[in-house]
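This report refers to the structure that appears directly beneath it.
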Amino acid sequence: MVRLSREIRFALVSPEELDQQTSDRDQKNSWAAWPNTCRIAPQLRLRAVVEGEPDEMTGYLCNVKLIDEALRRFVNQQLIPSLADCLLSQLPNAESVLQQALQFLENQSLDGATLISVSLSLSPFLSFNIDSGAPDMIQLTHQFEFSAAHRLHCDSMSAEENVATFGKCNNPAGHGHNYVVEVSVSRDVSKSGGGPTVVGAVELAGIVNRNVIDVLDHKHLNEDIAYFSDVNPSVENISAAIFGWLKSDIESAGCQLAEVKVFETPKTWASFRG
Ligand SMILES: Nc1nc2c(c(=O)[nH]1)N=C([C@H](O)[C@H](O)COP(=O)(O)OP(=O)(O)OP(=O)(O)O)CN2
Ligand SMILES: [Zn+2]
């Protein structure tokens, strides 16, 4: 007997917010949860454990997509509609809580120390930041993930030079990483005309999923991604490439792309700020 565990991550949104996020494309089951919210709402994980004998041919006990679908049917068709009468949709958004926190803290005695910034995390993957002295400039940082293979190699160098420079990372068949991508966008919320302030977490997730995650996930960067056919896919180059792929959609959404940070391993990251 084998047991298999699978979980989904989601924010407890109102039925109206769920309706606004029903496009297939944005329904990722990654660290950037779906449905998503900028509201101060619970961020939950729901997990199912199943047991049985794996299929002899596929090695699968159960396709995890089936478990996802069943869990999401419960959340979307039963849990969220049952909350329709709660006050979820009246909870404040992160930006206004952050502005209130900054105002409050600026009036506190902090032993003479200068307040630099305040941040608020809605989940381990979504946080907001505001710098003291710039209360209208709010930065949102959202974390995403993708898995990919790559090979560090320069055609212009000899085989010996490649091995000397890149070592095991020059292995001809490549090797893989679970990359983590942190995207930070900022906006002057005094110019937002009273609507949603920073580009919403939902809209940002859509832009990043379309331009980056759907493109790179489960690919061999050197072989499948044209950009890296003559650019070595180092973590430095990956962060710069992602910045370039996101910039115009983020700006079209009325924000500035502040930074893209890519973690190749928990010990190594690179960031690009334009
Ligand atoms: N400047 C850079 N150096 C290295 C990069 C890079 O992108 N920029 N990338 C790599 C490799 O991708 C390599 O796969 C990293 O893996 P590894 O060295 O195994 O990573 P660890 O941090 O786990 O290293 P250990 O030495 O095994 O602890 C290498 N360098
Ligand atoms: Zn590597």
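Whatever order the structure lists them in is the order used to number ligands and atoms, beginning at 1.
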Can you check whether Val235 has an N/O within less than 3.5 Å of an N/O in ligand 1?
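It does: an N or O of Val235 is found under 3.5 Å from an N or O of ligand 1.
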May I ask you to check whether His150 has an N/O atom sitting below 3.5 Å from an N/O atom of ligand 1?
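Right, the criterion is met.
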Should you measure from each heavy atom of [X], which atoms of ligand 1 turn up under 4.0 Å away?
X: Glu264; value: 5 (C), 7 (O), 9 (N), 10 (C), 11 (C), 12 (O), 13 (C), 15 (C)
X: His175; value: 12 (O), 13 (C), 14 (O)
X: Thr265; value: 20 (O), 22 (O)
X: Cys169; value: 10 (C), 11 (C), 12 (O), 13 (C), 14 (O), 29 (C)
X: Ser234; value: 7 (O)
X: Leu152; value: 5 (C), 9 (N), 10 (C), 11 (C), 12 (O)

For [atom], what is the nearest protein heavy atom, given as residue, atom name and distance?
atom: atom 8 (N) of ligand 1; answer: Glu236 OE1, 2.8 Å
atom: atom 16 (O) of ligand 1; answer: His177 CE1, 3.8 Å
atom: atom 25 (P) of ligand 1; answer: Lys267 NZ, 3.8 Å
atom: atom 18 (O) of ligand 1; answer: Lys168 CE, 4.0 Å

Spacing of OG belonging to Ser121 relative to CD belonging to Gln43, to within rounding of 0.5 Å:
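Answer for the OG-CD pair, Ser121 versus Gln43, is 10.5 Å.
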Can you tell me how far the CG atom of Leu98 sits from the CD atom of Gln139, to the nearest 0.5 Å?
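CD of Gln139 is found 11.0 Å from CG of Leu98.
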Fit a plane to each ring of Tyr227 and Trp245, take the angle between them on a 0 to 90° scale, and name the class: parallel (under 30°), tilted (30 to 60°) or perpendicular (over 60°).
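Perpendicular, since the angle between the ring planes exceeds 60°.
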Are Asn211 and Asp249 close enough that a side-chain donor and a side-chain acceptor fall under 3.5 Å?
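There is such a pair between these side chains.
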Answer with yes or no whether the side chains of Ser234 and Asn232 bring together a donor and an acceptor at under 3.5 Å.
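There is no such pair between these side chains.
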Identified side chain to side chain donor-acceptor pair (under 3.5 Å) counterpart of His150 within the set His220, His175, Glu223:
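Only match with His150 under side chain to side chain donor-acceptor pair (under 3.5 Å): His175.
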With a 4.5 Å heavy-atom cut-off, do Phe228 and Ile238 have their side chains touching?
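Result yes, sub-4.5 Å side-chain heavy-atom pair found.
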Side chains of Asp136 and Gln99 in contact at under 4.5 Å (non-hydrogen atoms)
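Asp136 vs Gln99: side chains touch.
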Is_contact(atom 30 (N) of ligand 1), protein non-hydrogen, under 4.0 Å:
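Answer no: nothing from the protein, no heavy atom, is under 4.0 Å.
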Answer yes if a protein heavy atom lies under 4.0 Å from atom 4 (C) of ligand 1, otherwise answer no.
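No, because not a single protein heavy atom sits under 4.0 Å from atom 4 (C) of ligand 1.
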Can you tell me the angle formed at the Zn ion (ligand 2) by NE2 of His175 and NE2 of His150, to 10°?
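An angle of 90° at the metal.
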Step by step, work out the side-chain contact (heavy atoms from CB on, under 4.5 Å) result for Arg6 and Asp68.
CA-CA 7 Å; Arg6 175 74 170 179; Asp68 283 359; 2.7 Å; yes
Donor-acceptor pairs are to be reported for all side-chain atoms of residues 107-118 against protein atoms at under 3.5 Å, with residues two or more places apart or in another chain.
unit_1, atom_1, unit_2, atom_2, d
Asn107, ND2, Gln103, O, 3.1
Gln108, NE2, Phe104, O, 3.4

